[in-house]
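Here's the structure we're looking at; comments come further down.
Counting convention: from 1, in listed order, for ligands and their atoms alike. Just the heavy atoms: all of them, side chains too, but no hydrogens, waters or symmetry mates, feed the values below.
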Amino acid sequence: MATDFVRHNVWTLEAQGDWPPILLAYARAIGAMTQLGDADPRSLAYQAAVHGNAVADRFRDQCQHQSWFFLPWHRMYLYWFEDIVRTFVAGFDDIDEQTRHNWALPYWDYGGADSTRAIPPSFLAPTLPDGIPNPLRVPRQLGPGDLLPATDADSTAALASDRFAGIGGFGGARTGRNHFAEDPDARPGTLEMTPHNTVHSTVGGYMGRFETAGLDPLFWLHHANVDRLWEVWTVSLGNANPSEAAWSTGQSFVFRDGGGAEHTQQSTDVLGTLPQLQYRYEDISAPIGPTGAGKVAEPRRPTELIGATDSHMSLVGEQAAAHFAVTPSARRAEPRHVYLTLDDARAPDAASMTYRVYLTVPDDDPNTDDEFYVGTASFFGATQGNGPGLRLAFDITDLYRRLRRDERWQDRVAVRFVPNRISPQRGSSEHRLAQEPGNVRVGRVGIVVE
Ligand code: C2O
């Protein structure tokens, strides 16, 4: 009889003591996958190349980003990777039966107590119990004792989106196949922005780039958490996935399992973890109250830009601000949604620093109090391609309404960027890469109403 696989919270496992069986089995499987030649589809190098690679083929260089295929594609990718790992684990005769037969990918839940924002200990230990070097430990910006900045790990704003597609939506823009920003409409959804992109940037190292992300064994636990948050959004919060055929059956993706067999899937094949995919998460309780249940999704309205910078700005790891004038919308006094937008962001090298973003009025008021906090920007993926560049949108409807209500809204605003620096812990420097702010060019900062 088939049983459902359970993907556990990595912190539940770590609480069992040093080297819990599921993580030890994972470490040994990763070790085995690292030994295989790069051309072997089961090797870690090949699996990372499925995500991003210099040469594209049917299997490689396929990751879907800044698109409504982001969530389904990564769910498929994880599912087949997990199958490959399970094949290795099943062959380890000295590992207990239970672990060998039921192995499932854990998830890194960084949304609990502050300490959950640390790299889990099994990914930092120098060696396995038998003394061989730990394959789960790779170079990262976030070292032992460091914590992800709280705003990088915060999923509450993403989970509060009540639409899947389009600007401000949970799941990303309606696009065709979109590996990076080649579709003119490409735009990440709120979950992809934070915590997905922000955690990529700050963990840094391999995680900072499309082509190397999968080489960090922690990448897969990060994505299991992102996948779990999709399940939280649909099952626990009652929101709906797109019903359009363009999403459900419009694109097919091909993967190989642990035995080398090919599998072609579409979004419709990965709508939910149970019963469709036979795995479930240890916990899918929502960190916020119900949002979507019983609601009819409101129709989209056309958007209008009501103010923007007229030249680009640079983010190089220091505080920075953009000032611009805003004219009230000619068409609507009471917009349904207001967004702060960053358009055409590009970076020559991976920018592994995130920025807390604040909208302040009047524009010469330098304070960055929580009341002006808008969200956290990551530029993961901004190095890719020649398309429209990375475009981010933060929902500022509540802030806008509050300032208007209090008669504090003004016709000049400032958007302030404050770098999220990792504060190195004592003794952590040895295993910590320098944080790379990169050189990000943001083409335009503006405010859009819907
Ligand atoms: Cu396709 Cu987290 O990356």
Side-chain angles (χ1 to χ4, degrees), residues 7 10 44-54 56 59-82 105-111 119 123 138 140-142 148 152-155 158 170-173 175 177-183 186-231 251 253-255 265 267 270 347 350-352 354 376-385 387 390 392:
R7 291 186 181 175
V10 71
L44 190 65
Y46 191 99
Q47 286 297 304
V50 168
H51 192 263
N53 196 42
F59 297 99
R60 286 178 286 190
D61 204 38
Q62 293 297 319
C63 70
Q64 300 293 299
H65 279 260
Q66 303 163 32
S67 157
W68 63 351
F69 294 114
F70 168 74
L71 288 168
W73 186 86
H74 286 82
R75 177 168 281 178
M76 297 168 197
Y77 181 41
L78 244 61
Y79 184 86
W80 298 113
F81 171 82
E82 183 181 54
L105 191 62
Y107 61 92
W108 180 22
D109 180 5
Y110 27 67
I119 304 283
F123 292 76
V138 298
R140 305 181 179 104
Q141 288 186 157
L142 204 65
L148 290 168
D152 283 359
D154 185 7
S155 62
F170 182 73
T175 66
R177 236 180 158 80
N178 193 68
H179 176 54
F180 46 80
E182 61 266 41
D183 188 301
R187 179 193 289 287
T190 54
L191 181 66
E192 186 177 346
M193 284 170 52
T194 306
H196 172 265
N197 287 354
T198 46
V199 170
H200 266 280
S201 293
T202 300
V203 170
Y206 289 146
M207 281 268 270
R209 293 178 167 275
F210 280 12
E211 301 79 9
T212 53
L215 294 176
D216 187 339
L218 188 56
F219 163 88
W220 306 90
L221 280 73
H222 171 38
H223 267 276
N225 194 48
V226 170
D227 187 65
R228 184 184 70 91
L229 291 167
W230 183 14
E231 197 74 353
Q251 296 287 337
F253 302 101
V254 53
F255 296 86
Q265 292 180 312
S267 302
V270 296
S352 295
T354 63
T376 294
S378 153
F379 300 96
F380 177 61
T383 46
Q384 306 282 331
L390 178 62
L392 306 178

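- For H196 atom NE2 and H200 atom NE2, the angle they make at atom 2 (Cu) of ligand 1 is roughly 100°, to 10 degrees.
- The line from CG of L221 to CZ of R7 is 10.0 Å long, rounded to the nearest 0.5 Å.
- Considering only heavy atoms from C-beta on, H223 stays 4.5 Å or farther from Y77 through its side chain.
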Evaluate H196 against F70 for ring-ring contact (aromatic ring centres under 6.0 Å, His included), listing each step before the verdict. CA-CA 11 Å; H196 172 265; F70 168 74; 4.8 Å; yes
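- In this structure, H74 has its ring center no closer than 6.0 Å to that of H222.
- Between atom CZ of residue F380 and atom CG of residue L390 there is a gap of 10.5 Å, rounded to the nearest 0.5 Å.
- Near-neighbour remark for atom 1 (Cu) of ligand 1: protein N, O or S atoms under 2.8 Å are H51 NE2, H65 NE2, H74 NE2; waters not counted.
- Residue H51 forms a ring-ring contact (aromatic ring centres under 6.0 Å, His included) with just one option from Y206, F219, F255, F81, and that option is F219.
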